[in-house]
K.L.:
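Just dropping this structure here.
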Amino acid sequence: GVHVIEPGLGYLACGMVGAGRLADPEKIVAETLAVLGVSQDLAGETVLITAGPTYEPIDPVRFLGNSSSGKMGYAIAEAAIRRGAKVVLVTGPTALTPPSAAEVVQVETAEQMRNAVMEHFAEASIVIKTAAVADYTVKQRSDQKIKRKGEMTLELTPTADILAELGARRVKPSQIIIGFAAETEHGIAHAREKLRNKKVDAIVMNDVSQAGIGFGSERNAATVVTTHEEIDIPEMPKFAMAQRVLEIALKLRTPQKSEVASR
Ligand code: CTP
């Protein structure tokens, strides 16, 4: 039952040339995954993933943020790498360590996230936006720490909707764009509306009113809404859900049987 990874050829420590070098780490990983039956169905693809929250500064020490941990996006990044993809991970502030093979772009604000996503959009064949992007940013950031002085009002201004911009500016029709939506009520209806308005291929809808899943948790459950169907993903670890989301992304690119038949 032992699978042997043969040594590499080349110069050896003893001064001779031949078989005896430690196999390349990439080869060891690829062969291990092959033995484990992990398919390399994303080889040659670039997957652009956003993860985590965004922080909108109020003053030098305060910001508007949200409870996104980044775990779902990081799990998708890891899963895509294992399936052979090149991954660009645009991440807001999180406590997580990104997969070492990912190209990581650290951002804080929604605007920085937008710029990083736009920079990498053209090279991506699949875009998955798990990030919980702030919908509003502070209109006038204070350069000095704001002092307590009774009641105060913060004026906010809307941020750019990155996902909608991607949907409107698809570089090629084969690009698959998937958004996430955390909802507390009328989840499917809201997800369907986002699918239509943002012109994307799927919305992964999490019902965050359910205990034990979603933000900060190791587990998640979702309904994936596409133009053709609603796919229920029961509660499972985020890494398993990441694999399901990638499978759905690949399936979305395969023409639907009914469409093929009608051509
Ligand atoms: N999103 C984005 N840019 C924004 C806000 C959201 O790209 N400024 C993306 C998120 O990354 C996510 C999807 O849009 O993939 C849905 O996010 P959500 O906050 O649920 O969407 P909104 O359109 O802001 O709707 P809501 O009014 O429910 O907040």
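Quick note: residue numbers are just sequence positions, from 1. Atoms within each ligand, like the ligands themselves, are counted from 1 in listed order.
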K.L.:
Closest non-hydrogen protein atom to atom 3 (N) of ligand 1, residue and atom name please, with distance?
P.N.:
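Answer for atom 3 (N) of ligand 1: I162 N, 3.0 Å.
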
K.L.:
Output the list of atoms in ligand 1 that are nearer than 4.0 Å to some heavy atom of F180, sorted by atom number.
P.N.:
12 (C), 13 (C), 15 (O), 16 (C), 17 (O)

K.L.:
Got more than 12 heavy atoms from elsewhere within 6.0 Å of CD, E111?
P.N.:
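It does not: E111 CD has 12 such atoms or fewer within range.
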
K.L.:
Could you pull out, from A134, A131, A182, the option with a heavy atom nearest to atom 10 (C) of ligand 1?
P.N.:
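Heavy atom nearest to atom 10 (C) of ligand 1 belongs to A131.
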
K.L.:
Could you tell me whether K172 atom NZ has more than 12 heavy atoms of other residues or ligands within 6.0 Å of it?
P.N.:
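Yes - once you tally the heavy atoms of other residues, nucleotides and ligands closer than 6.0 Å, there are more than 12.
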
K.L.:
Just wondering, more than 12 heavy atoms not from M152 lying within 6.0 Å of its CE?
P.N.:
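Yes - once you tally the heavy atoms of other residues, nucleotides and ligands closer than 6.0 Å, there are more than 12.
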
K.L.:
Mind checking whether M113 has a heavy atom under 4.0 Å from ligand 1?
P.N.:
no

K.L.:
Side chain or backbone, does K129 bring an N or O within less than 3.5 Å of an N or O on ligand 1?
P.N.:
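It does: an N or O of K129 is found under 3.5 Å from an N or O of ligand 1.
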
K.L.:
Can you find a heavy atom in the side chain of L252 that is under 4.5 Å from one in the side chain of I178?
P.N.:
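The answer is yes, as the side chains (C-beta and beyond) meet within the 4.5 Å cut-off.
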
K.L.:
Using a strict 4.0 Å cut-off to heavy atoms of G179, name the atoms of ligand 1 that fall inside it.
P.N.:
15 (O)

K.L.:
Taking only heavy atoms of L163 into account, list the atoms of ligand 1 that are under 4.0 Å away from them.
P.N.:
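In order of number, 2 (C), 7 (O), 9 (C), 13 (C), 14 (O), 15 (O).
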
K.L.:
Considering V200, D135, L166, which one's heavy-atom position lies nearest to atom 29 (O) of ligand 1?
P.N.:
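Selected option, by shortest heavy-atom distance: D135.
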
K.L.:
I'd like to check which ligand 1 atoms, numbered from 1 as shown, lie under 4.0 Å from a non-hydrogen atom of A160.
P.N.:
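Numbered from 1, ligand 1 contributes 3 (N), 4 (C), 8 (N).
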
K.L.:
Just to confirm my output: which protein heavy-atom neighbour is closest to atom 22 (P) of ligand 1, and how far is it?
P.N.:
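Answer for atom 22 (P) of ligand 1: K198 NZ, 3.6 Å.
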
K.L.:
Which heavy atom of A79 sits nearest a heavy atom of A242, and at what distance?
P.N.:
CB-CB, 4.0 Å

K.L.:
Strictly by modelled atom types, are Q243 and R82 linked by a side-chain donor-acceptor pair under 3.5 Å?
P.N.:
no

K.L.:
Is it the side chain (CB and beyond), the backbone, both or neither of T159 that lies under 4.0 Å from ligand 1, heavy atoms counted?
P.N.:
side chain

K.L.:
Should K194 be counted as touching ligand 1, given the test is an N or O pair under 3.5 Å?
P.N.:
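Yes, at least one N or O pair falls under 3.5 Å.
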
K.L.:
Cut-off 3.5 Å, side chains only: do S125 and E45 have a donor facing an acceptor?
P.N.:
yes

K.L.:
So, does D24 use its side chain to make a donor-acceptor pair with the main chain of E26 at under 3.5 Å?
P.N.:
no

